[in-house]
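Structure, as structure tokens:
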2 protein chains.
Amino acid sequence: MKKPAQKPADLSAKIAKNIRDAIISGALIVDERLPSEADLSEQFNVSRPTVREALKRLAAQSLIRTQRGATGGAFVNRISFQDAYSQQITTSTLLLSMNDVSFETACEARYTLERACAPLSAERRTADQIATMRTEIFRQSQPNLSDEAFCASDVAFHRALVDGAGNPVLSYQLAGAVEAMQPLMNMITFTTRSRAAIIDLHSKITDALEAQDADGVEAALTALEIYTQKLAADVFAKRVGRKPQ
Amino acid sequence: MKKPAQKPADLSAKIAKNIRDAIISGALIVDERLPSEADLSEQFNVSRPTVREALKRLAAQSLIRTQRGATGGAFVNRISFQDAYSQQITTSTLLLSMNDVSFETACEARYTLERACAPLSAERRTADQIATMRTEIFRQSQPNLSDEAFCASDVAFHRALVDGAGNPVLSYQLAGAVEAMQPLMNMITFTTRSRAAIIDLHSKITDALEAQDADGVEAALTALEIYTQKLAADVFAKRVGRKPQ
DNA sequence: GAGCATAAATTGTCTGACATTTGACTGCAA
DNA sequence: TTGCAGTCAAATGTCAGACAATTTATGCTC
């Protein structure tokens, strides 16, 4: 007996929620194999395509992975920091670009969070991280560097600073804040003069970090925030001047 | 002419990536309608179920929404802070529970980020937020409160503190850090004595915030972090004592 | 012109089939 | 017994076609 006229109301979303809750609650543990698609379609009394749509939703959140073949199937995925990074960056980037978040607000959030890392980084930074920062500073000083490349190097510099805190949870949380700012930063055209100012502040930050001077790092970060805000304000003022509407 | 033997290699993932990139790059703007599933299946030369799997992946990330009916279809979704919150909390919670992140590390990250908000909150907190915090403190002082309810109130208290900074980006970033801690916090059994100590510190925080004393807020938060870490250490010590392995 | 019935477009779901992949099994030979 | 090759089976990946449900637009009637 078939039931062709069931209750069409986003069944795949319901099934996805059901399985997701099982994973979050711990009823399904890491690396555990889910029933096969055929079994699931029987359990939930839906067709296999519907089950598959549900599984794809979960796969999009990195909650499961699938594997073909005889011993294949869907397995509960251990979410890696890398997975979480990239997801958060995607979400944060779109959130900023779609919601008319002002440069000012995003910039303030970013530097506020980054300053929070200063004490820990000053205490724990490794020689490798200092070296990375100095490498990026050198790269930033190359005159023929494009604005995009300059921004990318800037991100790498700040990530090294954050990673210096030696706390993966902190690094993860800040990855979104720092990287999501990049598209906004890319709107700024960096002149030779402004690059020099930024590089100078980057050097101050690195020096203070090497000297384990937390207050010095914070002060330089604050100066960098103020300078960045000023640059952005100039850009926007010019745009308004050129295009009143 | 059919091509039954194409190139089976996660077509739905490729299509999803294709559309996702178009959204991120701005080629598809908010509220723009995607082609119908039939059109997409023709464009990408795949079947409709495959297209649907791709769309469900995007829906799981809140990148699109779908609507049935004559003028229905898939539309680029404006990601709300609410959407971003819940996604980030899910990811952060699982990240912590699946990766053996120590209580110590997570707690340090959380309070580090929270302290970062202190200066801004001290400056901008509204009367409403102060009132919310005092309400939660009162709730926490009820003797018959369950541990879970106590933790939930704790989260609400700290969210009010963070929201006091008046920066939605900051609130969004910290939501993950604060809420993801809750399952870890729930492992702690709060005695009457420890609740009293926490409530006392919460009061100190609120008082300092009301007085716009940023240093006072930071100091109280640090004290709270130290006390929380001590509570957790005691719990773990007891467990090890009871269960040697 | 207003109201109602119908049509059309689109997503949601089902069914059945085939392709592909990959581990396991079986049987044979050394 | 061991090693190897071929076959098989289970599972996911994909396709095709169909029907159901929903929502809007259209046209017809009064």
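Chain naming here is simple, since letters A, B, ... match the order of the sequence lines and numbering starts at 1 in each.
A salt bridge is defined here as a Lys NZ or Arg NE, NH1 or NH2 lying under 4.0 Å from an Asp or Glu carboxylate O, and B/D31 with B/R65 meets this definition. Classification of B/E108 and A/R124 as a salt-bridged pair holds, one side-chain N sitting under 4.0 Å from a carboxylate O. Classification of A/D154 and A/R110 as a salt-bridged pair holds, one side-chain N sitting under 4.0 Å from a carboxylate O.
Of all the heavy atoms in A/M133 and A/L161, the pair that sits closest is CE-CB, 4.0 Å. Contact record, A/Q43 with A/P35: NE2-CG, 3.7 Å, taken as the closest heavy-atom pair. Smallest separation of non-hydrogen atoms from B/S25 and B/A22: OG-O, 3.1 Å.
Following rounding to the nearest Å, B/R48 (CZ) and C/dG12 (C1') show an atom-to-atom distance of 8 Å. Straight-line distance from the CD atom of A/E42 to the C1' atom of C/dT15: 15 Å, rounded to whole Å. Following rounding to the nearest Å, B/L11 (CG) and C/dT21 (P) show an atom-to-atom distance of 12 Å. In this structure, A/Q67 places its CD atom 14 Å from C1' of D/dG13, rounding to the nearest Å. Across the protein-nucleic acid pair, B/F75 atom CZ and C/dT10 atom C1' stand 10 Å apart, rounded to whole Å.
Looking only at side-chain heavy atoms (C-beta outward), A/D147 and A/N186 stay at 4.5 Å or farther from each other.
At a non-hydrogen distance threshold of 4.0 Å, A/R52, A/K56 from residues 50-59 of chain A come into contact with DNA chain D. A heavy atom closer than 4.0 Å to some atom of DNA chain D occurs in A/R33, A/S36, A/E37, these being the qualifying members of residues 29-38 of chain A.
The phosphate of D/dT24 (OP1 or OP2) has no side-chain N or O of B/T71 nearer than 4.0 angstrom.
Annotation: of the two residues near DNA chain D, A/T66 and A/A70, the 5′-most nearest-nucleotide partner is A/A70.
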Please report the C-alpha distance between B/S62 and B/Q87 in whole Å, then the side-chain angles of each, then the deciding distance to 0.1 Å, and finally whether the side-chain hydrogen bond (donor to acceptor under 3.5 Å, both in side chains) criterion is met. CA-CA 9 Å; B/S62 304; B/Q87 278 187 235; 3.2 Å; yes

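Here the side chain of B/R68 is nearest to one of C/dT11, D/dA16, C/dT13, namely C/dT11.
Ring geometry for B/Y85 against B/Y172 counts as tilted: the plane angle lies between 30° and 60°, on a 0 to 90° scale.
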